Protein chains: 2
Amino acid sequence: MHDLIRQAEALCQRSGMAFTAPRRRVLEILAASETPMKAYDLISKAGEGGQATKPPTVYRALDFLCQLGLVHRIEQDATFVACNHAGHSHPMALFVCNTCLKATEVAYDEVVPILEKAAEVQGFHLTRLVVEGRGQCRDCALAA
Amino acid sequence: MHDLIRQAEALCQRSGMAFTAPRRRVLEILAASETPMKAYDLISKAGEGGQATKPPTVYRALDFLCQLGLVHRIEQDATFVACNHAGHSHPMALFVCNTCLKATEVAYDEVVPILEKAAEVQGFHLTRLVVEGRGQCRDCALAA
DNA sequence: CCTAGTATGTTATTACATAACACTACCTAC
DNA sequence: GTAGGTAGTGTTATGTAATAACATACTAGG
């Protein structure tokens, strides 16, 4: 799991950005979590042990990590998850299991041009795309 | 614009659901709005004139209208928009213009099987799909 | 040094959403 | 017709998500 932290360090170094304590802390917590986390769970977790951590600190760290593609925000339910495929920035869909709540990342490169074309027909030029889903993951399907 | 209201009435009648006053009110306000609305703008708008309207009333109406497909929730920014293509339930992507904030609905039937297949490869069975975008609409592109 | 840029700390507030319970209207089975 | 269920609304209170605004600290370049 500490691969992610090392990747983050490297990524920041290359782009001349600071991988500061709160950013590291937030990423560590997310990387250790099996499931996507809500912001306020993250805030209280980050505050455990050391000094109290306030919302802006965590939200700023999250913004930073999201921009780097190390963390994704799941719009459906306002949760955050560490990215398994850090570094590169493939378009990735996030599918969340209704049972175990784990998130699965799925590449959707194929559909991007289709959606872009469908939008363009109506004169709409896409700059950002959000693809998310809900359903049942393999493990939970087998368990049932 | 009152087409939508009439459609809603018909739809409710057919399914034996009540198209009550708060539901009608919320739908009217959304139908009259050029752009998607935030929940609390809706709440204060609904409260204008008559009696005060509280959050639960509006949220309940929104849940109801969303289930019927008469209204869509835009997850990216927690706004709500009346559906232009009411009644049927095609999968529809919502693309929001960064400039004028209007929402454009785009059918994405084609991409559903692709995403389903991509998910299935990882053993994930999709039950719900959210596709949203940001960008620039035709009018704003021409104006620029 | 000192100052411009970047990031964090802190307080307060705004915005989004729902839990819980009381009440009403309507319908239907007896 | 009346008891009891169902569906919906009204109301209070609270929980949860996110940011504004301003003060403070760290660091690199002149």
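Here is the naming used below: chain letters follow the sequence lines, and residue numbers restart at 1 for every chain. Computed from a predicted structure; not experimentally measured.
- Side-chain proximity of A:R60 to the nucleotides D:dA21, C:dC16, D:dT9 is greatest for D:dA21.
- In this model, the phosphate group of C:dT8 is approached by a side-chain N or O of A:T20 to a distance below 4.0 Å at OP1 or OP2.
- When all heavy atoms of A:G133 and A:F95 are compared, the closest pair comes out as N-CD2, 3.4 Å.
- Mapping B:A18 and B:P55 onto DNA chain D by nearest heavy atom places B:A18 closer to the 5' end of the strand.
- Distance from the side chain of A:T57 is smallest for C:dT10 among the nucleotides D:dG10, D:dT19, C:dT10.
- Distance B:D63 CG to C:dC16 P: 16 Å, rounded to the nearest Å.
- Put simply, OH on B:Y59 is 11 Å from C1' on D:dA17, counting in whole angstrom units.
- The distance from atom CZ of A:F64 to atom P of D:dA18 is 19 Å, rounded to the nearest whole Å.
- Rounding to whole angstrom units, CG of residue A:L42 and P of D:dA17 are separated by 11 Å.
- Two residues, B:Y40 and A:Y40, neighbour DNA chain C, and the one matched to the more 5' nucleotide by heavy-atom proximity is A:Y40.
- Distance CG (B:L68) to P (D:dG8): 11 Å, rounded to an integer number of Å.
- In this structure, A:Y59 OH and A:I43 CD1 are separated by 5.0 Å, a value rounded to the nearest 0.5 Å.
- Of the candidates D:dT19, D:dT11, D:dA18, D:dT19 carries the atom nearest the A:P56 side chain, counting heavy atoms from C-beta on.
- A pairwise comparison of heavy atoms in A:C83 and A:G69 identifies CB-O, 3.4 Å as the closest pair.
- Between A:K38 and D:dT16, a side-chain N or O to OP1/OP2 separation shorter than 4.0 Å is absent.
- Across the protein-nucleic acid pair, B:L62 atom CG and D:dG8 atom C1' stand 15 Å apart, rounded to whole Å.
- Atom P of nucleotide C:dC16 and atom CD of A:E75 are separated by 14 Å, given to the nearest angstrom.
- Using a 3.5 Å distance cut-off with no hydrogens or angles, the side chains of A:Q76 and B:E75 do not pair a donor with an acceptor.
- Residue whose closest nucleotide on DNA chain D sits further toward the 5' end, between B:K54 and B:A21: B:A21.
- Heavy atoms of A:R23 sit under 4.0 angstrom from primed sugar atoms or phosphate atoms, though from no base atom.
- Atom-to-atom, CZ of B:F19 to P of D:dG8 comes out at 13 Å; the value is rounded to the nearest Å.
- The residue A:P22 sits close only to the backbone: its heavy atoms come under 4.0 Å of sugar-phosphate atoms, none of a base.
- For the pair A:T79 and A:P36, the tightest heavy-atom approach, listed with the atom from each and the gap, is OG1-CB, 3.5 Å.
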